[in-house]
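Here the structure is laid out as structure tokens; the discussion comes afterwards.
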Protein chains: 2
Amino acid sequence: MSLTIGELSRQAQVKIPTIRYYEQIGLLAEPVRTEGQQRRYWPEDVRRLNFIRHARELGFEVEAIRQLLGLASHPDRSCGEAHEITKAHLTEVNDKIARLTALRDELQNMVACDNGKVAKCRIIEVLADHDKCLHETH
Amino acid sequence: MSLTIGELSRQAQVKIPTIRYYEQIGLLAEPVRTEGQQRRYWPEDVRRLNFIRHARELGFEVEAIRQLLGLASHPDRSCGEAHEITKAHLTEVNDKIARLTALRDELQNMVACDNGKVAKCRIIEVLADHDKCLHETH
DNA sequence: CTTGAACCTATAGCCGCTAGAGGATGTAGC
DNA sequence: GCTACATCCTCTAGCGGCTATAGGTTCAAG
């Protein structure tokens with residue numbers, strides 16, 4: 001019927017100390033306890049913890065997750081707020097992709113220069129002065 | 001001629017305590033000091049600190065940055081030795097790009113839900129049940 | 001020579017976990 | 001019922017990578 005913290009951990013792919021940490025900071029409600037003070041969870045908690053894990057993996061901060069969870073518990077309210085949180089995040093991610101792609105190109109150049117000297121490799125300059133070096137040829 | 005820590009901070013867009021922290025953990029060399037023990041920097045340091053900032057923004061850990069910086073300070077060494085290190089970083093960067101791209105697609109799906117109610121809003125669903133919602137159309 | 005911004009060190013705190021010690025609980029097999 | 005042992009409990013301390021504060025010193029312009 002109910003789940004131990006270990007079972008919850010396995011099902012939601014979240015480590016046990018992390019579950020207790022989430023309880024501590026109020027992301028997870030305090031669960032029922034056995035006589036001997038062991039935590040017992042319900043399938044509902046698996047869903048909530050999955051939600052939290054996914055949001056964390058997507059780079060949402062705990063505070064943002066708290067907000068999103070708040071929205072989820074008021075399903076009649078507009079999702080404009082959730083929309084804003086997500087949009088801000090999207091912009092950030094797109095920016096990172098662009099810069100990582102530029103970096104990858106430079107690393108590929110570097111790896112391609114097999115028997116040369118580091119002095120000829122431009123990785124340092126590229127990262128030190130990203131905008132200037134970005135579009136130069138190797 | 002030389003720069004104060006404040007000027008370095010402004011030019012490299014890195015906060016002053018962070019600069020001192022980087023010195024402490026050995027990412028930045030100890031700079032020259034005035035009689036009164038104040039740090040004085042050179043344009044070279046702006047470049048190095050820019051490098052560090054960009055690498056951090058791209059998600060490299062301090063230890064990886066240490067290695068990359070190591071390559072730059074042995075310009076007489078063959079690329080062959082450094083080749084493996086660089087290739088490892090390239091792999092890492094490619095992984096990051098892949099994961100961020102997947103993330104972006106998902107965020108774009110989420111943002112597509114504009115003025116609905118939370119009940120209809122995919123943000124909550126997607127996060128609550130990642131695998132199910134990932135490839136559905138909006 | 002004074003003033004005030006900028007600097008110094010040292011320490012403590014932040015987030016988001018993660019690990020360990022030392023002990024209590026729960027369950028399966030006898 | 002009893003034992004064995006995996007799993008659980010709390011508490012504390014540590015991690016990376018900063019960031020903020022307190023309390024004092026230096027530097028440069030006027």
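The shown structure was predicted, so the numbers you read here are calculated from the model rather than taken from an experiment. Chain letters run A, B, ... following the sequence lines, proteins first, then strands; residues in each count from 1.
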message: Base, sugar-phosphate or nothing for B/I16? Non-hydrogen atoms, less than 4.0 Å.
response: sugar-phosphate
Mark yes or no for whether [X], through its side chain, and [Y], through its backbone, hold a donor-acceptor pair below 3.5 Å.
X     : Y     : answer
B/S2  : B/R40 : no
A/S9  : A/I5  : no
A/R56 : A/F60 : yes
A/D45 : A/W42 : yes

Starting from [atom2] on [N], measure out to [atom1] on [X] and report it in whole angstrom.
X     : N      : atom1 : atom2 : value
B/F60 : D/dG16 : CZ    : P     : 19 Å
A/Q24 : D/dC9  : CD    : P     : 13 Å
B/R53 : D/dT19 : CZ    : P     : 13 Å
A/Q38 : C/dT25 : CD    : C1'   : 5 Å
A/E23 : D/dC8  : CD    : P     : 14 Å
B/E63 : D/dG17 : CD    : C1'   : 13 Å
A/I25 : C/dC15 : CD1   : P     : 9 Å
A/Y41 : D/dT7  : OH    : P     : 17 Å

message: Going by side-chain contact (heavy atoms from CB on, under 4.5 Å), A/L49 matches just one of A/V14, A/L27, A/T18. Which one?
response: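 With A/L49 as partner, A/V14, A/L27, A/T18 yield a single side-chain contact (heavy atoms from CB on, under 4.5 Å), made by A/V14.
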Any protein N or O atoms within reach of nucleotides 18-22 of chain C? Criterion: under 3.5 Å, listing atom names and distances.
residue	atom	partner	partner atom	Å
C/dT18	OP2	A/T18	OG1	3.2

message: Looking at C/dC7, I'd like to know if its phosphate oxygens (OP1 or OP2) sit under 4.0 Å from a side-chain N or O belonging to B/R39.
response: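 Looking at the OP1 and OP2 atoms of C/dC7, neither is under 4.0 Å from any side-chain N or O of B/R39.
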message: Can you see if the side chain of A/R40 gets near the phosphate of D/dT7 - specifically, an N or O under 4.0 Å from OP1 or OP2?
response: no
A/R33 versus A/Q37, closest heavy-atom pair with distance: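 Shortest heavy-atom contact: NH1-O, 2.7 Å.
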Using a strict cut-off of less than 4.0 Å between a Lys/Arg side-chain nitrogen and an Asp/Glu carboxylate oxygen, indicate whether [X] and [Y] qualify as a salt bridge.
X     : Y     : result
A/E23 : A/R39 : yes
A/R48 : A/E44 : no
B/R10 : B/E7  : no

task: Decide yes or no for B/I65 and B/F51: does some side-chain heavy atom of the first lie under 4.5 Å from some side-chain heavy atom of the second?
output: yes
- request: Kindly state which residues belonging to residues 26-37 of chain B come within less than 4.0 angstrom of DNA chain C, counting heavy atoms of the residue only, listed by number.
  value: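 B/R33, B/Q37 - these, ordered by number, are the residues of the stretch whose heavy atoms sit under 4.0 Å from the strand.
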message: Within residues 3-14 of chain A, which residues have any heavy atom lying less than 4.0 Å from an atom of DNA chain D?
response: A/T4, A/I5, A/G6
message: Please report the interatomic distance NE2(A/H54) to CD(A/Q13), rounded to the nearest 0.5 Å.
response: 9.5 Å
